[in-house]
Amino acid sequence: MNYWLMKSEPDTFSIDDLKNVKQEPWDGVRNYQARNFMRDGMAVGDGVFFYHSNCKVPGIVGIARVASEAYPDPSQFDPDSHYFDPKSSRDKPRWMLVDVKFERKFERTIALDELKAQPALAEMPLVRKGNRLSVMPVEASDWQYILGML
DNA sequence: GCCAACGTTGGC
DNA sequence: GCCAACGTTGGC
């Protein structure tokens with residue numbers, strides 16, 4: 001089993017939203033590296049840190065699970081969608097996603113600040129300067145370490 | 001809301 | 001296939 005971190009802006013889709021709907025297609029990813037992680041790396045049951053970005057206290061707020069194999073992101077075909085991609089087609093879809101299901105919301109946010117302050121986590125892409133990936137792998141050891149910060 | 005960092009696009 | 005211009009991400 002592998003571990004991941006997925007970012008979402010809480011104004012758009014928060015951990016509470018996921019808790020409410022239980023399971024959700026992770027649509028709107030329009031970055032090839034992030035797509036490749038979902039398409040090629042993920043398997044059902046993988047652990048996901050749910051990360052809130054672009055908000056007052058950015059950080060990890062809970063855990064979700066990968067709940068489907070990768071499949072084409074429907075929003076790329078929808079001209080009314082913010083995520084519409086005119087260069088994609090149904091026979092050659094450009095963007096893939098997985099469904100993600102709610103598992104747990106933490107009692108508190110493990111803030112980006114705290115993560116950055118841990119020497120043990122210095123190699124995480126998340127805390128590296130300029131990293132803008134919205135889907136990234138997490139080492140099993142880092143996963144355990146972060147859970148230990150709760 | 002600013003802007004650094006970085007990814008993508010498109011002219012050549 | 002280079003690279004300047006442009007767009008986006010996301011912390012601050």
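Residue numbering restarts at 1 for every chain, and letters A, B, ... go by the order of the sequence lines.
- Between K129(A) and dG10(C) there is no side-chain N or O to OP1 or OP2 distance below 4.0 Å.
- Between K7(A) and the phosphate of dT9(C), there is no side-chain N or O to OP1/OP2 separation shorter than 4.0 Å.
- Between the P atom of dT8(C) and the CG atom of L133(A) lies a distance of 17 Å, rounded to the nearest Å.
- Between Q33(A) atom CD and dC6(B) atom P the separation is 12 Å, expressed in whole Å.
- The CZ-P distance, from R132(A) to dT8(B), rounds to 9 Å in whole Å.
- Computed from coordinates, the E9(A) CD to dC12(C) P distance equals 15 Å when rounded to whole Å.
- Atom CG in D113(A) sits roughly 17 Å away from atom P in dG10(C) (whole-Å rounding).
- Atoms NZ (K87(A)) and P (dG7(C)) sit 13 Å apart, rounded to a whole Å.
- As rounded to whole Å, 17 Å separates atom C1' of dG10(C) from atom NZ of K56(A).
- The aromatic rings of F49(A) and W143(A) sit parallel to each other, their planes meeting at less than 30°, with 60° as the upper class boundary.
- Along DNA chain B, the nucleotide closest to N131(A) and the one closest to N54(A) are compared, and the more 5′ of them pairs with N54(A).
- With R30(A) contributing its side chain and Y83(A) its backbone, the two residues share a donor-acceptor pair below 3.5 Å.
- At dT8(C), none of the side-chain N or O atoms of Y83(A) fall inside 4.0 Å of OP1 or OP2 (strictly under the cut-off).
- W4(A) and F37(A) have tilted rings, their planes meeting at an angle from 30° to 60° on a 0 to 90° scale.
- Nucleic acid contact class of L126(A) (heavy atoms, under 4.0 Å, all strands): none.
- Atom CG of D85(A) is separated from atom P of dG7(C) by 16 Å (rounded to the nearest Å).
- For E139(A), the CD atom counts as loosely surrounded, since its 6.0 Å shell holds 12 or fewer non-hydrogen atoms of other residues, nucleotides or ligands.
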